[in-house]
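What follows is a short report on a single structure.
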Amino acid sequence: MMDKTFEPAAIETRMRALWDEVQAFKAGRPERLGAKPYSIMIPPPNVTGSLHIGHALNNTLQDVLCRFERMRGRDVLWQPGMDHAGIATQTVVERQLQDRQEPDRRTMGREAFVERVWAWKAESGGQILDQLQRLGASCDWSRTRFTMDEGLSEAVLEAFVSLHKAGLIYRDKRLVNWDPGLGTAVSDIEVVSVEMRGSLWHFRYPIEGEPGRFITVATTRPETMLGDTAVAVHPNDERYRDLVGRHALLPLVGRRIPIVADAYSDPDKGSGAVKITPGHDFNDFEVGRRHALAVINIFDAGARLAIDGNTAFLEDAAPEDGVLALHGLDRAEARKRVVALMDERGLLEKTEPHTLMVPHGDRSNAVIEPWLTDQWYVDAAKLAGPALDAVRDGDTSFHPKSWEKTYFDWLENIQPWCVSRQLWWGHRIPAWYGPDGRTFVEKREAEARAAAEAHYGRAVDLRRDEDVLDTWFSSGLWAFSTLGWPHATPELARYYPTSTLVTGFDIIFFWVARMMMLSLFVTGETPFKDVYIHALVRDEKGAKMSKSKGNVVDPLTLIDDHGADALRFTLAAMAAQGRDIKLSVARIEGYKGFATKLWNATRFLRMNQCRRDPTFEPGAACEVLSRWILGESSKAVAEVTGALDAFRFNDAAAAAYRFVWNVFCDWFIELAKPVLQGEASAARTETRAVAAAVLDDILKLLHPFMPFVTEAIWGYGTAGEDGEPARETVLALALWPRPAPPDRAAEAEIGWVIDLVSEVRSFRSEMSIGSQPLALSLVGATPAARARAEAHRPMIESLARLSRFDFVDGAPAAAAQLVVRDTIAAIPLAGLVDATAERARLSKEKGKLDADVAKIETELGNENFLKRAKEEAIEAKRERREDALMRLGAVARALDRLASIE
RNA sequence: GGGCGCGUAGCUCAGCGGGAGAGCACUCCCUUGACAUGGGAGGGGUCACAGGUUCAAUCCCUGUCGUGCCCACCA
């Protein structure tokens, strides 16, 4: 027997053990090898990660799909795993070394440090996988992969080498986004612009050969002037026309720099003349290229001034006293000093307050410095073509479709992807350099040696590239590397391309687009058929939740407090929202109530011997109530199925909720009580079986959303009572119900009963009658109506709380009259309410009906409406008019009768 | 500067061409043997604003206002 109260925590632990025991989530179960595969690759969480609310949403939706497809009989692979998260993990371990006052990474050396990271992973990495299981994620946990494990590392090497051989990966020296905090290059999408308040300094640069004449340039970054190699003005700018081709003398540095005409310069900005620093500004770099300007790097890897002994800086320069003393200063300090020096020399024209967008590293939050270095790049523009075509041609579809525009816009304007990182934790780039700097890219050192030997004609010493790859490079291979690629495994053949990718829009660029590009290049196939993009869970201000802001809602706490099922149901029900979800705890509480409701309804059915009957055939049900609830159940099955097929998680959840609570519990169980609690009869036997059968369908419908409570109620492995057969399988592997056609006659009949009961309840409440029993008479009922009333008499008497229920020919005097479809029900007023109250009630109803009828009449009187509207629309309107008129007539007659009594 | 959203009941949000919905909150009634984590009945909305298309607009189009996000190389 079930526990009296619903305790999610206990159930969750037990069900996890059960699924584990029967290996419910294992892909490739022998009995399903003939079935169509369905596969989802989990967006691999960071190994350093712990479950946040975004993961909870993302994985709930994936789990809903996987459980749904599994119950439809598909062979489901939900591939789990983790990402090595280069920067995040290296940072965590470095911090740990610092906290424990151990030698830092440079002191311990690369090999020891990497070993240390592995040790950290073994000890405290990957807690998130257990947390996902607490959420109920039905991944095939036996297949868990890690981007740094052996197989995936091989895939990375293979992909890198073949991209290189195809000329799609190359090494280049150009400006990169340098993160001085982390000491590594990052890609452009890892840079976020932050609005900051700063100043705009106007500097005077003396014109060569014309003492006393200056050209004024405005800058937000005074310290970079040390690296200036030109001043640019617009070709059409009259003010400066005579200066083009001449030179300015860079103050403090004494460098002679040309004044060039370039359309990049905007006459309306600042002074119209702009200082050009090709070494530390992306635009200036381009200007420099057009005018063959020198590129001077004035910073070291930590963005400190590196000018002393800097040959590029010192060439053709004669730094003033004190300038070389700035060597080693941080950017911010250098800025102050440069401004002060310029001011002292009377070369600071003015300083204006200015707001500007400053690039920051998304991980480190350090100000990014454009810096000239050698890095590895992926030729993304070339890879983008097939990735664009795949979506344009519909091989891959986004849901909602509107995200395709975002995807197209980005790929159409894509820049080379910088994939090298100056870190130690990650996939080391398989490139070796010969004595002359020649590069050999091979999967293994031995192959590189062989290639080098072939090239040089002798064995030479090779030096391996120090850098590792961007974490997103290995994530980009995830769709197939997890299945064993580059080996032709049976899993690869069976589950790739995958079915659906579920992710948030914030990683369309980072991950989705790159998986598309890399998968298409490597496998020639689009990695997934459908991409479902869900909302981001944000805080109440619409900001991303983050630990540093302290605005996170911990899903594990929510699970502790309300149960995983309630959290999951809430997330699924809210999945429709556009781009923001503001999670409401009240809503979660509400859905916990839903799980409790299901629990208690089940208890009631068990108490009333509603057992599954294997011989029961739903199609052969005789009772109207049976046929009705079976029809309603079918409707719910169709709704939930259709909604899930279309990724409308919220509609699916709402349809299931409505059916279970508002139809099954509120009406079916209540209507069935007289039979269930009555004497033995064929009707009782049938009702019990029907109740059990519909409950089974309910458990199935809800299982994708609330796996724990439904599996617990399903009761696999627990003894059936009173000869009830034991379950053949766990619910997770049971088959999804198939809808049957609804029974219109039963629908009309039970609908009438429900309306009658509702009318009586409404009357009782409006008239403040309380709970005392009422006498009710059907007035002038047709034989059919009479038969119907008789058939359901026990239900009606019990739900409407009637002391008497009979039939009369004419309306009794001093009685309230209720209109129920085509029937009038009369309740004697004597001793209950006075005629005034009843007249008020009827008048109110009449008012509503009058307004309704008037509105419909107007529409039906409109010729254009009749001429142009759809047939169904007109017909529906006519039906509404008939119904309203009928009710209005009854109400009017009742009012007349009241008047005649008084 | 471009792009994409959103403005619907007190709150959080669904709906998106033909009768305005849910959860929570609120009011009233009900401890009837599944559930008071409950049951029943209610109140509450010119669906941001202004035009337009249509027989018909919360829903489609245009604009305005408010609000949020993404992208962008501006001194």
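Predicted, not measured: the structure shown is a model, and the values here were computed from it. Chain naming here is simple, since letters A, B, ... match the order of the sequence lines and numbering starts at 1 in each.
- Checking the phosphate oxygens (OP1, OP2) of B/rG40, no side-chain nitrogen or oxygen of A/Trp667 falls inside 4.0 Å.
- Nucleotides B/rU58 and B/rU8 are separated by 7 Å at their C1' atoms, to the nearest Å.
- Looking at heavy-atom distances under 4.0 Å, A/Gly272 makes contact with a base.
- At B/rG38, none of the side-chain N or O atoms of A/Thr596 fall inside 4.0 Å of OP1 or OP2 (strictly under the cut-off).
- With no hydrogens or angles considered, a side-chain donor-acceptor pair links A/Ser187 and A/Glu190 at under 3.5 Å.
- The shortest distance between the side-chain N/O atoms of A/Gln677 and the OP1/OP2 oxygens of B/rU32 is not below 4.0 Å.
- Going from atom CD of A/Glu875 over to atom C1' of B/rG19 covers 16 Å, rounded to whole Å.
- Looking at residues two or more places apart in sequence or on another chain, you find no ring pair (Phe, Tyr, Trp, His ring centres under 6.0 Å) involving A/Trp201.
- On a pure distance criterion of 3.5 Å, a polar donor-acceptor pair joins the side chain of A/Lys597 and the base of B/rC35.
- At whole-Å resolution of the value, CG in A/Asp262 and P in B/rC74 are 16 Å apart.
- Contact check of residues 220-232 of chain A against RNA chain B (heavy atom, cut-off under 4.0 Å) returns A/Thr220.
- For B/rC13, one of the phosphate oxygens OP1 or OP2 lies less than 4.0 angstrom from a side-chain nitrogen or oxygen of A/Lys582.
- Using a 4.0 Å heavy-atom criterion, one finds that A/Phe6 contacts no nucleic acid atom at all.
- In this model, a side-chain donor or acceptor of A/Glu670 finds a partner on the base of B/rA34 within 3.5 Å.
- Taking only side-chain nitrogens and oxygens, A/Lys877 comes nearer than 4.0 Å to OP1 or OP2 of B/rG19.
- Map A/Lys870 and A/Asn864 each onto its nearest nucleotide of RNA chain B; the residue landing nearer the 5' end is A/Lys870.
- Look at the C1' atom in both B/rG44 and B/rC49: the space between them is 23 Å, to the nearest Å.
- Comparing the C1' positions of B/rU46 and B/rG5 gives a spacing of 26 Å, expressed to the nearest Å.
- In this structure, A/Thr602 reaches neither bases nor backbone, as no heavy-atom distance under 4.0 Å exists between it and the strands shown.
- For RNA chain B, runs of at least 3 consecutive pairs of the Watson-Crick or G-U wobble type, with both hydrogen-bonding distances under 3.5 angstrom, map to B:1-7 with B:65-71, B:10-13 with B:21-24, B:26-30 with B:38-42, B:48-52 with B:60-64.
- The six-membered or imidazole ring of A/Trp403 lies away from that of A/Phe398, with a centre-to-centre distance of 6.0 Å or more.
- The phosphate of B/rG19 has OP1 or OP2 within less than 4.0 Å of a side-chain N or O from A/Arg880.
- When all heavy atoms are compared, the tightest approach of A/Thr219 to A/Lys275 is CB-CD, 3.6 Å.
- Atoms NZ (A/Lys867) and P (B/rA56) sit 12 Å apart, rounded to a whole Å.
- Rounding to whole angstrom units, CG of residue A/Asp651 and C1' of B/rC13 are separated by 13 Å.
- For B/rC61 and B/rG17, the C1' atoms lie 13 Å apart once the distance is rounded to whole Å.
- Taking the nucleotide of RNA chain B with the nearest heavy atom to each of A/Lys844 and A/Lys4, the more 5' of the two is matched to A/Lys4.
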